[in-house]
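Working notes, beginning with the structure itself.
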2 protein chains.
Amino acid sequence: MNEARPVTRIQQKNRATILDAALDVFSLRGFGGATVDQIAATAGLSKPNLLYYFPTKEAIYEALLGGLLDTWLDPLRAMKPSGEPLPEILAYVQRKLEMSRDFPRESRLFANEIIQGAPLIESELSGALRSLVDEKAEIINKWADEGRIARVDPHHLFFSIWSLTQHYADFDVQVRAVLGEGVDDPFPEAEIYLTTLFTRMLTPS
Amino acid sequence: MNEARPVTRIQQKNRATILDAALDVFSLRGFGGATVDQIAATAGLSKPNLLYYFPTKEAIYEALLGGLLDTWLDPLRAMKPSGEPLPEILAYVQRKLEMSRDFPRESRLFANEIIQGAPLIESELSGALRSLVDEKAEIINKWADEGRIARVDPHHLFFSIWSLTQHYADFDVQVRAVLGEGVDDPFPEAEIYLTTLFTRMLTPS
DNA sequence: TATCTTTTTGACCATATGGTCAAAGCGACG
DNA sequence: CGTCGCTTTGACCATATGGTCAAAAAGATA
């Protein structure tokens with residue numbers, strides 16, 4: 001019973017290679033726009049060989065998306081009611097911004113999925129995501145009750161954190177086009193700006 | 001020389017129908033994921049008939065995208081240096097939010113294009129878009145110089161306006177999933193939240 | 001080295017897809 | 001009513017695409 005899946009070295013390596021290549025392709029073209037041949041070529045494998053590791057194109061996509069939402073929410077999970085309100089929130093913003101900087105492909109994959117109606121993860125959105133957000137929204141409300149931050153709609157606060165941080169990954173091309181050649185890394189300025197924004201908005205008057 | 005294109009009633013109607021159907025399909029599936037058959041079916045036309053009005057799938061896509069950026073920027077153009085700073089900016093935010101509410105498909109089409117690297121409009125991004133933004137950034141800076149708003153990075157200010165407002169169109173599914181069944185229109189609350197956010201951030205301390 | 005399992009591949013298949021074309025249908029106008 | 005130009009369509013085509021399969025190649029194991 002020990003080897004239901006005989007995960008060999010080769011399998012581990014090739015699965016990882018395939019998923020990495022698929023992330024490249026899916027995040028750039030979306031599910032429908034991606035082809036198995038493109039993924040196989042990017043991975044440096046023949047198409048039948050790729051299909052030896054994953055039975056279908058859907059299976060690759062699902063493997064990528066599975067757990068992505070979880071990873072995406074880890075920074076929010078880390079927001080503790082015991083901490084100081086503003087630093088906790090700013091830390092969350094910063095972690096999300098770091099994810100946009102370090103994992104832009106994952107962000108774009110996620111964005112693509114949502115824009116296209118989240119056919120695969122809608123249940124998770126209204127399940128796990130929603131309950132986590134509701135739970136954390138309570139914390140925000142409690143902090144506001146205590147006068148430790150200004151009162152804001154907690155759900156829209158989270159929306160704003162998501163959109164502001166993910167924008168730098170998803171709309172990277174636009175950001176760079178607008179900032180021009182002179183700016184090769186928008187993230188340091190983004191961090192300053194977002195810190196200012198949330199500090200000013202949440203500091204009790 | 002009056003009728004280089006003999007735009008008949010039928011042509012006008014069918015072109016409009018096709019573009020509307022194409023907007024449905026492209027905004028939901030992206031360029032690569034959309035098929036001519038889907039568009040034709042949505043438009044209620046046969047495929048050859050559709051291709052009588054637009055020579056290729058690309059042509060339909062380009063027709064949709066052409067001018068979309070322009071329309072998208074109109075609210076920004078309306079921001080006048082002669083007005084009161086905060087109301088001008090809040091009006092811009094509100095107009096953008098209204099566009100997300102009233103034209104979500106256009107917003108998603110645009111988002112798809114950018115996420116996928118903006119192959120078609122990158123030149124416009126670093127051309128027309130960039131110069132308009134630079135011009136309006138000057139105004140923001142001037143207002144800050146005069147102490148009429150708090151100082152912020154104007155480019156990132158625009159990024160934040162775009163991302164916050166478009167989020168409600170592009171990530172609509174997620175927004176609704178998180179807010180739950182009880183909320184059928186997130187926009188009124190969004191407007192309040194965004195007004196609060198930008199007011200608090202931009203009001204001079 | 002011989003054997004057994006895992007991995008890789010060339011050849012192949014059915015269907016989907018973007019696009020063409022000649023011919024038929026239709027509507028305005030003299 | 002007949003003609004002429006615009007519109008529509010069924011049939012068709014080449015290529016792309018997701019996926020299969022039997023057999024060869026390459027490891028692992030004894």
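Quick caveat, the model's predicted, so the values are computed rather than measured. The figures that follow rest on heavy atoms only: side chains count, while hydrogens, waters and symmetry mates do not. In the text below, chain A, chain B and the rest are named by the order of the sequence lines, each starting its count at 1.
Of the candidates C/dT7, D/dT9, D/dT17, the closest approach to any side-chain atom of A/Thr8 belongs to C/dT7. When each of D/dT20, C/dG19, D/dT7 is scored by its nearest atom to the side-chain atoms of A/Pro48, the top-ranked nucleotide is D/dT20. Closest to the side chain of A/Lys57, out of D/dG19, C/dG18, D/dT8, is D/dG19. For A/Leu51, the listed nucleotide lying nearest its side chain is D/dG19; candidates were C/dT7, D/dG19, C/dG18. Comparing atom distances between the A/Val36 side chain and each of D/dG19, C/dT6, D/dT9 picks out D/dG19 as nearest.
Rounded to whole angstrom, the span from the CG atom of A/Leu50 across to the C1' atom of C/dG10 amounts to 16 Å. Taking atom CG on B/Asp37 and atom P on C/dT15, their separation rounds to 16 Å, with Å as the unit. Atom CZ of A/Phe54 is separated from atom P of D/dT20 by 15 Å (rounded to the nearest Å). Atom NZ of A/Lys47 is separated from atom C1' of C/dG10 by 12 Å (rounded to the nearest Å). Separating the CG atom of A/Asn49 from the C1' atom of D/dC21 is a distance of 14 Å, rounded to the nearest angstrom. One interatomic measurement links the two molecules: OH of B/Tyr61 to P of C/dG18, which rounds to 14 Å at whole-angstrom precision. With rounding to whole Å, A/Ile10 atom CD1 is found 10 Å from C/dT8 atom C1'. Computed from coordinates, the A/Arg29 CZ to D/dT17 P distance equals 10 Å when rounded to whole Å.
One finds a side-chain N or O of A/Gln11 lying less than 4.0 angstrom from the OP1 or OP2 phosphate oxygen of C/dT7. Look at A/Ser46 and you won't find any side-chain N or O under 4.0 angstrom from OP1 or OP2 of C/dT8. At D/dT7, one or more side-chain N or O atoms of B/Tyr52 fall inside 4.0 Å of OP1 or OP2 (strictly under the cut-off). The phosphate of D/dC6 (OP1 or OP2) has no side-chain N or O of B/Asn14 nearer than 4.0 angstrom.
Residue contacts for B/Ala59: at a heavy-atom cut-off of 4.0 Å it reaches no nucleic acid atom on any strand shown. Note on A/Gln38: nothing from the nucleic acid sits closer than 4.0 angstrom, heavy atoms only. Using a 4.0 Å heavy-atom criterion, one finds that B/Tyr53 contacts the sugar-phosphate atoms exclusively.
The CG atom of B/Leu197 lies 10.0 Å from the CG atom of B/Leu90; values are rounded to the nearest 0.5 Å.
Two rings, from B/Phe158 and B/His155, have their centers 6.0 Å or more apart.
Nearest-nucleotide assignment on DNA chain D puts the 5′-proximal partner with B/Arg9, out of B/Arg9 and A/Glu58.
In the displayed structure, A/Glu58 atom CD is contacted under 6.0 Å by more than 12 heavy atoms of other residues, nucleotides or ligands. Shown here is B/Arg200, whose CZ atom has more than 12 heavy atoms of other residues, nucleotides or ligands within 6.0 Å.
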Go through the steps to decide whether A/Asn14 and A/Tyr53 satisfy the test side chain to side chain donor-acceptor pair (under 3.5 Å), and finish with yes or no. CA-CA 8 Å; A/Asn14 279 346; A/Tyr53 291 99; 2.9 Å; yes
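Aromatic ring pairs are classed by plane angle as parallel below 30°, tilted from 30° to 60° and perpendicular above 60°; the pair A/Phe110 and A/Trp72 is tilted.
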